[in-house]
Amino acid sequence: MKNKYIIISALLLTGVFSHSCSDDFIDVSPTEQVSVEDLSLYNNNAGATGFVNAIYAKFLDWDMSTFAWIGVTSITSDDADKGSTAGDTGTDKDILDALTFTPSTPSFESLFSSNYQGINRCNQALKYLPQLNNADESLRSRLTGEAKFLRAFMYFNLVRSFGGVPLIDHVPTSSPEDVEMQLTRKTKDEIYAFIEKDLIEAAAALPDRTTYGGIDVGRASKGAAHALLAKVYLYQKKYQLAVDQCNLVTGYSLTPNFIDIYKISGENNAESIFEIQGSGIETGKGIKQYTQVQGARGTGGWGWGFNTPTQNLYDAYTAEGDTERRDATIIRKGMTLYDGRVVGADADNEYYNYKAYSSAYTTQEFTDTNIRYLRYAEILLIKAEALNELGQTSTAIPLLNQVRQRANIANTTASSQSEVRTAIWKERRLELAFEHDRWFDLVRTGQAQSAMAANGKTFIVGRHEVFPLPQTFITEAKGRSAQNPGY
């Protein structure tokens, strides 16, 4: 019995411990626990909202959005090096950079467990919201949509990272059936089907983003659900469905100046579809150390210096004549930033990630930097890619050119389906660098082996398409789930 509780706690619970597991307590906030017997205290609009706010709060965690996530999505790729100094490995960031990771590499444990903790918060909200009958019905419907969107978002990150994973669709008990549920992998296709269902239901329940104001700005909207579903379909090569979802993402527009997206004034602007909210005003309300980990290191610096842009990425911008996006994405030694800060010429690394920079809270643990996860520019590129794969190349090209024109570079010269495919893939790299997609893009498009080789890394086909499941999970599963091939 003891092992069951260790398993459930490790994978799911957010600091909740009792003899009957998660049925007896509800995690309403990152630090608060409430007995089910006191559920009546939360039977109002504020209480209902608190359940879903706890899900959003999970994205502020170190394990969820910072060091491990940066490592597995950026440092592994050709966009970034480990950075920092030779003697500072960042626990395992040197291993991730070299693609020599194993099931015991700590970042995978962090990624796996933090997402399941977040999923448990979603499942708690979906279980208890229907019982809060004193809260407005329309509010509960919207909050249910938000919980399903966020659950789908987390499962999307898990399936992209590991392939098939356990599908936990309700708050588990200690029953044998629920233990099996937590320890048995479903197939990749089953996970994707579940994500699709959650997003379809979320889109039906969520409002347009224009209905949000004040403290609700940044919540998941109907547009976010359609946008994420378009991306999910693209990953599965369901191209017509991806186009259909892109067509439902309306009311957004490109920010005229690319760098403005990443300033505090550009948060949740007309291009933003979904981003994780960070506020430096109140301790604990920012994404923990997201800026600090990636800030310039050494004399004249302010951070740890990890996740540094590669020369390969810098040269890719330069070769395209794309100085606008290059200089809004990559900080250089000696560079004057948009707020007048001068980066020391003797900083430890040549380049740093500009998109993680905070002007007002540069050295703070919790800053005002947001993570931009879905932007209208990506919807244009998703639609262009899907249309091109459907043979509608002439219709795809103008969408690609919209993104290029905003970057003040010439329209593409690509004309054939093959040429346009390559042009769109290249455009995704230049547009979305350091927005946590590059590794997954390389894998899904079959470019990983050649791209890694060009950056001095060895991508092993048949192995590196997915990361290893954490060894702790495989050990606890006791044969119920097999490790990914090659690990």
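Position 1 is the first residue of the sequence, and the numbers go up from there.
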Looking at side-chain heavy atoms only, is the closest gap between [X] and [Y] below 4.5 Å?
X	Y	result
D78	M452	yes
I287	T369	no
I331	Y354	yes
R325	E431	yes
L254	L380	yes
R121	M154	no
Q471	T102	no
K58	L150	no

Give the ring-plane orientation class for [X] versus [Y], where under 30° counts as parallel, over 60° as perpendicular and anything between as tilted.
X	Y	answer
W62	F67	tilted
F112	F473	tilted
F101	F467	perpendicular
Y155	Y116	perpendicular

Would you give the length of the straight line joining atom [atom1] of [X] to atom [atom2] of [Y], rounded to the nearest 0.5 angstrom?
X	Y	atom1	atom2	result
L99	R463	CG	CZ	9.5 Å
E275	F59	CD	CZ	13.5 Å
I382	Y235	CD1	OH	8.5 Å
T323	I330	OG1	CD1	11.5 Å
R375	L381	CZ	CG	9.0 Å
W439	D79	CH2	CG	12.0 Å

Answer yes if the side chains of [X] and [Y] hold a donor-acceptor pair under 3.5 Å, and no otherwise.
X	Y	result
N123	R151	yes
Y239	E385	no
T255	N269	yes
R438	S74	no
T187	E190	yes
S107	T105	no
D339	S359	yes
D348	T85	no
D368	S358	yes

Exercise. Kindly determine whether D88 and K82 satisfy salt bridge (charged side-chain N to carboxylate O under 4.0 Å, His left out), including the steps that lead there.
Key: CA-CA 9 Å; D88 190 343; K82 173 186 73 70; over 6 Å; no
Would you find a donor on one side and an acceptor on the other, under 3.5 Å apart, between the side chain of [X] and the backbone of [Y]?
X	Y	value
D61	M64	no
N370	G278	yes
N484	P468	no
E465	G462	yes
N353	K355	yes
Q294	Y290	yes
K288	T66	no
Q236	V232	yes
Y314	R326	no
E320	A316	no

Determine whether more than 12 heavy atoms belonging to other residues, nucleotides or ligands lie under 6.0 Å from atom [atom1] of [X].
X	atom1	result
K285	NZ	no
K457	NZ	yes
K263	NZ	yes

Quiz item: Please walk me through it: do Q182 and E476 pass side-chain contact (heavy atoms from CB on, under 4.5 Å)?
Solution: CA-CA 10 Å; Q182 295 173 91; E476 294 284 7; over 6 Å; no
Practice problem: Taking only Lys NZ, Arg NE, NH1 and NH2, and the carboxylate oxygens of Asp or Glu, determine whether R372 and E378 approach each other closer than 4.0 Å. | Solution: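 Salt bridge: no.
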Quiz item: Salt bridge between D169 and K197, side-chain N to carboxylate O under 4.0 Å?
Solution: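 The answer is no: the pair does not qualify as a salt bridge.
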Quiz prompt | Derivation and outcome, salt bridge (charged side-chain N to carboxylate O under 4.0 Å, His left out), residues K237 and E389 | solution = CA-CA 9 Å; K237 296 180 168 49; E389 295 303 327; over 6 Å; no
Practice problem: Assess whether side-chain contact (heavy atoms from CB on, under 4.5 Å) is satisfied between V159 and I195, documenting all intermediate values. | Solution: CA-CA 10 Å; V159 76; I195 293 169; 4.1 Å; yes
Locate the shortest heavy-atom distance separating [X] from [Y]; write the atom from each residue and the value.
X	Y	value
A125	I55	CB-CD1, 4.2 Å
F149	A224	CE1-O, 3.4 Å
P172	N120	CD-OD1, 3.8 Å
T329	A433	CG2-CB, 4.0 Å

Quiz item: Pick from W302, Y352, Y262: which one makes a ring-ring contact (aromatic ring centres under 6.0 Å, His included) with Y357?
Solution: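 Checked W302, Y352, Y262 against Y357; only one passes ring-ring contact (aromatic ring centres under 6.0 Å, His included): W302.
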Quiz item: Any cation-pi pair here, K93 with F306, using under 6.0 Å and within 45°?
Solution: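 Not flagged: K93 not positioned over aromatic ring of F306.
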Quiz item: Relative to F156, does R160 satisfy both conditions: NZ or CZ under 6.0 angstrom from the six-membered ring centre, and within 45 degrees of the ring's axis?
Solution: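 Yes, R160 sits over the ring of F156.
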Exercise. Could you check V466 against K188 for side-chain contact (heavy atoms from CB on, under 4.5 Å), going step by step and ending with a plain yes or no?
Key: CA-CA 11 Å; V466 287; K188 182 173 69 173; over 6 Å; no
Exercise. For L241 and E196, run side-chain contact (heavy atoms from CB on, under 4.5 Å): C-alpha distance rounded to whole Å, both residues' side-chain angles, the deciding distance at 0.1 Å, then the answer.
Key: CA-CA 11 Å; L241 291 174; E196 292 173 14; over 6 Å; no
